[in-house]
Each structure stands twice: as structure tokens, then as C-alpha cells.
Amino acid sequence: MRNLILLSSIILISELILSQCANPVRPTGGPKDTIPPQLIATYPDDQTINFKGDQITLSFDEYVSADQLQQKLVITPLTDIKYKTLIKKRDIILKFEDPFKDSTTYMLNFFDAIKDITERNPAQNIIIAFSTGSYIDSLSLSGKVNDLMTNKPISKTTVGLYPITDSLDLFLESPYYFINTSDNGSFHLRNMKASRFILVSFLDENKNLKLDPATESYAFLSDTIDTSLNYDSLQLYQFQVDASNLTFISARPSGKYFDVRYSKKINQYHLDSQDTLKPIFSSLTSEQDVIRFYSQKKRPKPKKN
């Protein structure tokens, strides 16, 4: 009888052990991957000269993605050459549709466009420079951009250099060299040729790489920049002011009045009448971009002091 009870106990314990083995518990995960992808090779190599190819390849130590490459990759000097992106596991391939300009140094700054596919850690400081000529332009300049009113640094604002020409119009053209400021408002333009430029910063809100003085804050240096000299502490103070030209928009009746609208606010104005015996009554509306005209019967009452 005792042997029977012992045998039954052994069978019951065995069934419990087998039951636990049949229901495995999910293993706990390891430490979170916080290491960004590491660049192990490029074609062409950084600082290559006499480059005549149409393809650029970057190889990393792990699988990567670059779904925002077209938006974040900055190529200087400014070029309109289009390219296609191909991702093969650990490689990113840029296939350019047209040849690069002869005897020119190009710099490709990838910022945080390249990330690993597991934790989306961005690769750091991926910058490649190469030349289609026999030497690499190596001049550089650096500085900071701050807000004029608060003195706080301005991040992700565009800092650009414009070549000086007879037809230069800062409001219509894109900069030849450009870079975006970092979180602390600093910038570093590199691999530039020796020449004279105008330095401008602007908050490119519409992402068209052109300064819109009516809506975007900006700053500029009054003196031209000679890139053959050493500039390592340039300071720009950016502010918002509508510097666009005052233009006429419309003139039409508005109820009992006649409104003349302009493209921006008006601080003061002066009216001349051909008939000095018939005075003209007018005032600025609250928006200050409309001059409102009144008939003599509906002329505005003078403001009390």
C-alpha cells in the first residue's frame, strides 16, 4: 500500500514538471540598443580627388534605414542634380542622374537621416567630402546664431553664403554654401573655395532654401566674408521684420467706405488733393494695412487726447 502511494506521488510530481515545461515563459529582454550605426567604409573615400563617378556608397556595421534622406541630406555647394536612393541591408547607395561639376569640391552632410532598423538610433557625424578636380577646397568658418531680443540660441536655422554678383538678390536666390545650426545655435561651414561672399541666416520655414523677408526671421553681416581668412567666432543676431516692398493690392468699396489695401502695415502716410476746397478724410484701419476713405458726411470723429 505504501509503495502504491509513493508511486502515485512520483507520477503527480512528474506531471506537474512536464506541465510547467509545456508552458514556457517569455524570456526577459536584454539591454536596450543605444549604440548608433558605425560607418565602416565609403565610396569614394572622404577627401577623394579627381572623382568622376556617379554613385556614392556608405557601408555600416548593422542594418540601416534612411526614409528621410531626401529631406535631410545637405549637399554643398548647392546643386540641382537629382539622385535615387537604394538600401541594401547595411549599405546605402546614392545613384546620381547627372555628372558633378568639374573642378568642384562637394560636401555631403547626412545629419540624422541614417538610423538603425531596431531602435532608430541615428548615425553620428556622417560627412563626406570629395573633389572632381585635383585638390580639395579646405577653407571653413564657424560661429553662432542668437535671437536679437532674447539672446537665446536659434537651432535649425539656415546659415548660407551668397557669391557676390551684379545681379545678386538675397530674396530670390538660394545660397551657394549652407548649413543648419545645431541645438546650441552653432554652425560650421567647411570645404569652401577662396572667394568673397555675403553671410546670411534665416529660419527657412517653408523649406525652399530662399529667404522670405515677409514671414521669416533673418540676420546678415554688413561686411562681406573673405573665406581665405580665418573666421571661427562669427556672431549673427536674428530678428523678425517685414523687409518686403510695400505694394498696392486692391481698391474697392467696403460698405459705406472706400478701402485701399497694401501688402504690409503702414506706419504713416500723406495724401494730396487736387481740389484744396474739398478735404479728403481717411484713416488707417486696425490692421494698419488698409487706408479707409470717408465721405464728408461719414468722416471719422477726431480722437480725444
Side-chain angles (χ1 to χ4, degrees), residues 71 78 80 145-176 178 180-181 185 187 197-225 235-305:
Q71 293 81 18
L78 181 65
D80 56 1
V145 181
N146 289 66
D147 184 272
L148 177 64
M149 306 305 295
T150 66
N151 202 35
K152 293 181 178 180
I154 302 179
S155 63
K156 296 180 175 59
T157 195
T158 300
V159 179
L161 289 175
Y162 295 78
I164 301 173
T165 62
D166 294 337
S167 60
L168 175 62
D169 190 335
L170 295 176
F171 302 149
L172 296 178
E173 299 181 22
S174 298
Y176 189 72
F178 60 95
N180 291 333
T181 57
F187 63 89
F197 295 90
I198 294 177
L199 179 66
V200 180
S201 70
F202 58 98
L203 195 59
D204 191 17
E205 295 181 344
N206 56 12
K207 307 300 181 184
N208 67 349
L209 204 56
K210 293 180 181 179
L211 169 59
D212 184 350
T215 61
E216 297 172 348
S217 62
Y218 64 95
F220 61 91
L221 291 182
S222 56
D223 294 331
T224 59
I225 292 289
Q235 181 66 61
L236 292 169
Y237 291 98
Q238 201 159 289
F239 61 98
Q240 174 73 58
V241 61
D242 188 351
S244 60
N245 293 326
L246 178 68
T247 57
F248 167 79
I249 293 181
S250 64
R252 64 186 64 178
S254 176
K256 300 176 182 179
Y257 316 111
F258 190 86
D259 288 348
V260 178
R261 184 176 299 276
Y262 290 87
S263 61
K264 56 190 295 186
K265 290 184 178 181
I266 301 170
N267 292 324
Q268 60 183 5
Y269 66 96
H270 175 75
L271 298 174
D272 290 321
S273 174
Q274 292 182 348
D275 190 346
T276 57
L277 298 178
K278 292 183 179 181
I280 300 174
F281 298 101
S282 65
S283 67
L284 286 172
T285 61
S286 58
E287 295 82 5
Q288 288 189 265
D289 59 351
V290 172
I291 301 177
R292 176 162 289 172
F293 293 87
Y294 307 84
S295 67
Q296 290 192 1
K297 295 180 180 180
K298 299 294 181 180
R299 66 178 182 267
K301 296 180 180 180
K303 295 181 179 180
K304 296 181 180 180
N305 296 327

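- Taking CG of Asn208 as the start and NZ of Lys210 as the end, the distance is 6.5 Å to the nearest 0.5 Å.
- Every residue was checked against the ring-ring contact (aromatic ring centres under 6.0 Å, His included) condition with Phe248, not counting sequence neighbours, and none meets it.
- Side-chain atoms of Leu199 and Val159, non-hydrogen and from C-beta on, do get closer than 4.5 Å to each other.
- Counting only residues at least two apart or on different chains, the salt bridge (Lys or Arg N to Asp or Glu O under 4.0 Å) pairs with a member in residues 146-164 are Lys156-Asp183.
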Could you walk me through whether Phe202 and Asp212 pass the side-chain contact (heavy atoms from CB on, under 4.5 Å) test, one step at a time?
CA-CA 8 Å; Phe202 58 98; Asp212 184 350; over 6 Å; no

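- Without hydrogens or angle criteria, Gln240 side chain to Ser217 main chain gives a donor-acceptor distance under 3.5 Å.
- Residue Leu236 holds its CG atom at 11.5 Å from CG of Leu148, rounded to the nearest 0.5 Å.
- The OH atom of Tyr162 lies 8.5 Å from the CG atom of Leu168; values are rounded to the nearest 0.5 Å.
- With values rounded to the nearest 0.5 angstrom, Arg261 atom CZ is found 8.5 Å from Ser254 atom OG.
- Separation of atoms CG (Leu211) and CD (Glu173) is listed at 12.0 Å; rounding is to 0.5 Å.
- Using a 4.5 Å heavy-atom cutoff, the side chains of Val145 and Tyr237 are not in contact.
- Looking at residues two or more places apart in sequence or on another chain, you find no ring-ring contact (aromatic ring centres under 6.0 Å, His included) involving Phe187.
- In this structure, Asp259 does not pair ionically with Arg252, as no charged nitrogen and carboxylate oxygen lie closer than 4.0 Å.
- Defined by atom type and a distance below 3.5 Å, a donor-acceptor pair is present between the side-chain atoms of Thr157 and Gln238.
- Using a 4.5 Å heavy-atom threshold, the side chains of Leu203 and Tyr218 count as separate.
- For the pair Glu216 and Glu205, the tightest heavy-atom approach, listed with the atom from each and the gap, is OE2-N, 3.2 Å.
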Criterion side-chain contact (heavy atoms from CB on, under 4.5 Å) on Leu209 and Leu78, from CA distance to verdict:
CA-CA 10 Å; Leu209 204 56; Leu78 181 65; 3.6 Å; yes

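- Qualifying side chain to side chain donor-acceptor pair (under 3.5 Å) partners for Thr247, counting only residues two or more places apart in sequence or in other chains: Ser263.
- Considering only residues two or more places apart in sequence or on other chains, Asn180 meets the side chain to side chain donor-acceptor pair (under 3.5 Å) condition with Thr158.
- Across Pro175 and Gly160, no two heavy atoms sit closer than the pair CB-CA, 3.7 Å.
- The closest side-chain heavy-atom distance from Arg292 to Ser282 is not below 4.5 Å.
- How far CG of Asn206 is from CG of Asp204: 5.5 Å, rounded to the nearest 0.5 Å.
- For Tyr294 and Tyr257, the ring centers sit closer than 6.0 Å to each other.
- For the side-chain contact (heavy atoms from CB on, under 4.5 Å) with Tyr262, the lone residue among Ile291, Ile249, Val290 that qualifies is Ile291.
- Considering only heavy atoms from C-beta on, Ile154 stays 4.5 Å or farther from Asn146 through its side chain.
- Judged as a side chain to side chain donor-acceptor pair (under 3.5 Å), and not counting sequence neighbours, Thr181 has no contacts.
- Other residues, nucleotides and ligands contribute at most 12 non-hydrogen atoms within 6.0 Å of the CZ atom of Phe220.
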